[in-house]
Amino acid sequence: MTTTEAPTAGAPPARCPVAHGFDAMGDDYYTDPAQHFAAVRDEHPVFFYPYLNAWIVTRRDDAEAILGDWQKFTSGANSGLIDVPERYRDVMPPDLISQMLVGSDPPSHTVHRFVAQRGFTKARMEALQPEIEARAHRVVDKFEADGRANLVSDYALELTTQTIMAHMGLGYEDEAMMRQLRDDFFAVLASAQEPLPEPRRSEVWDRYIAATLYLREVVEQRRENPGEDLISDMAAVREKDGTPTLSAAQIALHLTEFAAAGVDSTTQAIANAVLFLDQNPEARADALADPGLWPRVFEETVRRRPSSTFASRQAQADVEIGGAQIRKGDMVWLALASANTDPTRTPRPFEFDIHRPEPEDHLTFTQGRHTCLGQSLARVQGATALKVLYERLPSLRPAPEVPLEFVRMALLPVRRNLPVEWDVADVARQQKKVLRQMDLTVLGRTEASDGVVALTLGHPDGEALPSWKPGAHIDVHTGVGGAGRVCQYSLCSSPARPESWRIGVLREPESRGGSIFIHDDVREGSTVTVSWPRNNFRFHDSPRYVFVAGGIGITPIIPMIEAAQAQGAEWTLLYGGRTRSSMAFLDELAAHGDRVQVRPQDEFGLLDLEGLLGDVAPDTLIYCCGPEPLLQAIEEATAHWPVGSLHTERFAPKKVVRTEPDTEFEVEFAESGVTATVPPGRSILEVAEEAGISALSSCQEGTCGTCETRIVTGRADHRDSILTPAEQDANATMMICVSRAAKGCPRLVLDR
C-alpha cells in the first residue's frame, strides 16, 4: 500500500485511533508479540500508542511502503533524539551519535555502511561457520552433564558473545566489557523513544562511554598493525588521498552497534526457537532427522517472532496510512512481528512451518537501505547454534515453568532467562553420534629430537581443555583449513594441566602427508582442528608396571609414568630408537634416573625383550607402544604371561590374514530400527551411513576407535588393531569400519 499526502490546511488531525487493548509492556505482549498485535490489527491496522508517543503500523503492505521510502520516513530520529548527558557531549557530540547505522539516512548512511559491509559478506560469514560450530561445542561441554541450564546465559549469550569478539579480533580479556556493552547500547538506543530514569541513565552512559573510548584505541592500533578481523577491515578503508574514510570515533560507534545487534538478537532467536520446537515436535523431529533443515528452523523462528519487534521511522511529511492521519515529525513504529504474521500476505501465519516454500519471505531483517548488515552472521550463527545444541542434547526441552523474565523494552524485548532441561543420558548416547572437535592455537613448537616436533596446544582464550587420562589420543586435521588427512597423535603432556595439551609428531616421508604438513606448515600461532580425546590404550591401576617404547611410541608412555609415580607404584621404562638423537624427550625422562633404560639401536642393537620379560612378575602390567615389529616381538616375548598383562597401541593397522573371501551378511541397527545387507567389499560403516544412521568415524582402518559399537547379538570377525585378544573373545563391541560378521554368523544386531 502506498502512502498519500494528507491535507495540511485547518486544525491538525487528532491522535486517533487508539487501540485500548494494546500494551507493549504487558505480559501478553512479552509472551507472544505477534498474537498480541493480531488482537487489534483488523480493527486498527494503524493506531496511536501514547506510551511511545508513536504510531504503530501493523500490516505488511504498509510497513513495506514505509521501509522503501527513506526520504518521506527518515531513520534519523532513531539516534538523533538520543539525549547524550552534558558531561559526555565533548566525547560523544550529538552529530556523532546521530551517525549510527540504525539511525541515519543517505548519503552518510551509504558511506558508513560501505565501510562496514566488507566484514559481513555472506561468503565471509559462511567461512566462519566451522569456528562457530567449534565454539558451540565448547560451550555445551561446560554444562552438558548438569541436566539443566539457563539457555540464554549459559549457551546463547556465551556463544554469540564469543563469536562477535572473534570476528572483531578481541581477546578474552575484553569479554566482560563486551557482555555489558550489548545491554548498554540497547538502553542508549531505546532512550530516544523510551524513558531511561536515573540512576540507571548515568550508570549506562558511564559504561557506554568507557567502552567506546577503549574501542577507539583499538581502532587506532589496528590502523598501525592490521589483522584479519572486522576492526582492521573498517580501519583500512581510505579515501583517494589516503585519509581514513571513517574516524576512530565513527568506527567505534558502529562497533558498539555490532556488539549488541550481533549478540542479543541472535540470542533471542535461539531461545525462541527452543520454545517453538517444544510446541511443534514434528518440526523438531524433522530437523533432527535432516540437519539441513536447521536454517529453516531459524528462519521460521525469526518470522514468527522477530528478536526486534519494531523498526522505527519519523514522518517527514503529513501522510495518511491505513486511515490514520500522521503529521510531519510524528514517530512511526513498524510492527515487524505483526507484518510477518499478516494473513493477507502469509498463509497460515501462526503455524510454525519449517517447510514454507519461501522461508526468507519476512521483514525480520527489514528491507531497503536499512536491511540488517549482520543478517548473514545471524543466519549462520543461529542455525549452527541450534544444530549443535540438538545434536548434543536431543531431548532438550523448556522447564515446566518458563518465567517472563525480560529486560522490558518495546523495541527489543530481551529475554534473560529460559530454563531448559534434558536427559543426562544424552551425553553418552550422542558421543557415539556427534563428532566433537575444536579449533586450538599452537602455543608452542619445539624440536623434541631429530625428526620429531612437539606442539603445545590450547584454547585461544586460555580456557581449560577437556579432561583426559593417560593413553588418550586426539585426531588432528592436517592440510590448509584442516581439509587434509586426519591423523591420530597421543597426548604426552600432564592430565593435571588442563590449560594445554602436548603432542609429538614424527616426520614420516612415506606417510600420506599429515606429518609432513605439520612439520613444514604448522608454526606457533597456527590454528589446528582437533577432536576431543579418546582412549583405546587405557591405563589401569597396578602395583608394578613395565613400560616399553619404540621411537615416537614414547608419547603415550610419558603421562603413564606420571600416573604411576603419583600412585606410588614400581615401574621401569625400556626405551629404544634408531639413534640417541632421534629419541624424543630424553631430557625430560632423565629426571627419573636409572628407572629409565635408553637403548638406541646403533649403540645396543635390538631391545632385549627376553631378558626383560623372560620371568613372569606377579601383579605387573606391561604397556608397549611403537612400530609393528616391536609389538609383534613383545607379543611373542609375553606369550607365557597371564592373559591381560600386556597392553599395546599400534601406529598402523594390524595386518589381517584372510584365508577365505568375505561373504554377505545382514546387520540390524537396533536403536534405529533399520536392517540392511552388507555385501563383500563394503563395510558396516558405509552401509550405516547410506541408511542415514549417524556413525562417527575417523581413521576408517580400525586404529582410532571412533566407530566402536556394542554388539547386541551375533559374533564378529574382529579386524581392528585396538581390542585385545581377550576383548575380541568377549565379543562385546566391534569396530564397524573394518570388522564383519564371523564365519557362520548370517546376522549381526548392533546398538545403533
Side-chain angles (χ1 to χ4, degrees), residues 69-71 74-82 84 88-128 164-171 174 177-178 181 185 188-189 192 208-262 314 316 366-377 525:
D69 192 345
W70 66 268
Q71 292 176 316
T74 178
S75 296
N78 290 334
S79 57
L81 297 179
I82 294 174
V84 181
Y88 290 131
R89 288 180 187 172
D90 57 335
V91 177
M92 185 69 70
D95 68 321
L96 173 60
I97 203 163
S98 68
Q99 295 174 36
M100 285 183 181
L101 289 169
V102 73
S104 60
D105 291 315
S108 172
H109 177 271
T110 305
V111 173
H112 288 235
R113 186 181 177 97
F114 168 77
V115 172
Q117 66 186 8
R118 60 189 289 182
F120 287 98
T121 63
K122 184 177 181 181
R124 187 158 180 181
M125 296 303 96
E126 290 176 347
L128 270 179
I164 199 66
M165 289 180 63
H167 190 38
M168 291 183 181
L170 297 175
D174 298 322
M177 178 200 71
M178 294 295 286
L181 179 57
F185 171 81
V188 167
L189 181 62
Y208 180 70
I209 292 297
T212 301
L213 292 174
Y214 174 77
L215 290 172
R216 291 180 190 180
E217 293 178 5
V218 174
V219 173
E220 295 293 5
Q221 292 168 5
R222 301 287 167 87
R223 289 205 205 276
E224 299 298 323
N225 299 289
E228 296 181 1
D229 56 78
L230 174 63
I231 299 177
S232 297
D233 286 348
M234 296 179 70
V237 181
R238 296 179 180 271
E239 299 295 286
K240 291 181 179 179
D241 63 1
T243 59
T245 299
L246 297 183
S247 68
Q250 290 170 320
I251 293 174
L253 176 72
H254 298 321
L255 295 176
T256 69
E257 293 185 81
F258 304 151
Q314 187 178 42
Q316 298 298 286
T366 70
Q367 286 183 348
R369 287 174 170 80
H370 284 277
T371 299
C372 177
L373 191 66
Q375 62 177 299
S376 293
L377 174 59

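Keep in mind that what you see is a predicted model, and the values were worked out from it rather than measured.
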Exercise. To the nearest 0.5 Å, how far apart are CG in Leu215 and CG in Leu170?
Worked result: 7.0 Å
Seminar exercise, completed: For Thr243 and Asp241 the tightest heavy-atom approach is OG1-OD1, 2.7 Å
For this session: Mind running side chain to side chain contact (heavy atoms under 4.5 Å, CB included) on Asp229 and Arg222 for me, showing each step along the way?
Result: CA-CA 9 Å; Asp229 56 78; Arg222 301 287 167 87; 2.8 Å; yes
Exercise. What heavy-atom pair brings Leu181 and Ala211 nearest, and what distance separates the two atoms?
Worked result: CD1-CB, 4.0 Å
Exercise. Side-chain contact, heavy-atom cut-off 4.5 Å: Thr256 with Val188?
Worked result: no
For this session: Check for a donor-acceptor pair, side chain of Glu224 on one end and backbone N or O of Glu220 on the other, with a separation under 3.5 Å.
Result: no
For this session: Could you tell me whether the side chain of Arg223 reaches within less than 4.5 Å of the side chain of Arg238, counting heavy atoms only?
Result: yes
Exercise. Just wondering, do Met125 and His167 contact through their side chains at under 4.5 Å, heavy atoms?
Worked result: yes
Exercise. So, does Ser232 use its side chain to make a donor-acceptor pair with the main chain of Gly227 at under 3.5 Å?
Worked result: yes
Problem set entry | Gap separating the CE atom of Met168 from the CE atom of Met234, nearest 0.5 angstrom | 8.5 Å
For this session: Calculate, to the nearest 0.5 Å, the distance between atoms CG and CZ belonging to Leu377 and Phe258 respectively.
Result: 10.5 Å
Exercise. Going by heavy atoms in the side chains, are Val115 and Gln250 under 4.5 Å from each other?
Worked result: no
For this session: Could you tell me which non-hydrogen atom of Arg216 sits nearest to which non-hydrogen atom of Ala252, and how far apart they are?
Result: CG-CB, 3.5 Å
For this session: Classify the ring geometry between Tyr208 and Phe185 as parallel (under 30°), tilted (30 to 60°) or perpendicular (over 60°).
Result: tilted
Exercise. Side chains of Ile164 and Leu230: closer than 4.5 Å at any heavy-atom pair?
Worked result: no
For this session: Test side chain to side chain contact (heavy atoms under 4.5 Å, CB included) on Gln221 and Asn225 and set out the steps.
Result: CA-CA 6 Å; Gln221 292 168 5; Asn225 299 289; 5.7 Å; no
Exercise. Do Glu239 and Thr245 come within less than 4.5 Å of each other through their side chains, counting heavy atoms only?
Worked result: yes
Exercise. Looking at side-chain heavy atoms only, is the closest gap between Thr212 and Leu253 below 4.5 Å?
Worked result: no
Exercise. Side chain to side chain contact (heavy atoms under 4.5 Å, CB included) between Val218 and Leu255: does it pass, once the steps are laid out?
Worked result: CA-CA 11 Å; Val218 174; Leu255 295 176; over 6 Å; no
Exercise. Can His254 and Leu246 be said to form a side chain to side chain contact (heavy atoms under 4.5 Å, CB included), step by step?
Worked result: CA-CA 10 Å; His254 298 321; Leu246 297 183; 4.0 Å; yes
Exercise. Are the side chain of Arg89 and the backbone N or O of Pro94 linked by a donor-acceptor pair below 3.5 Å?
Worked result: no
Exercise. Met92 versus Ile82: any side-chain heavy-atom pair under 4.5 Å?
Worked result: no
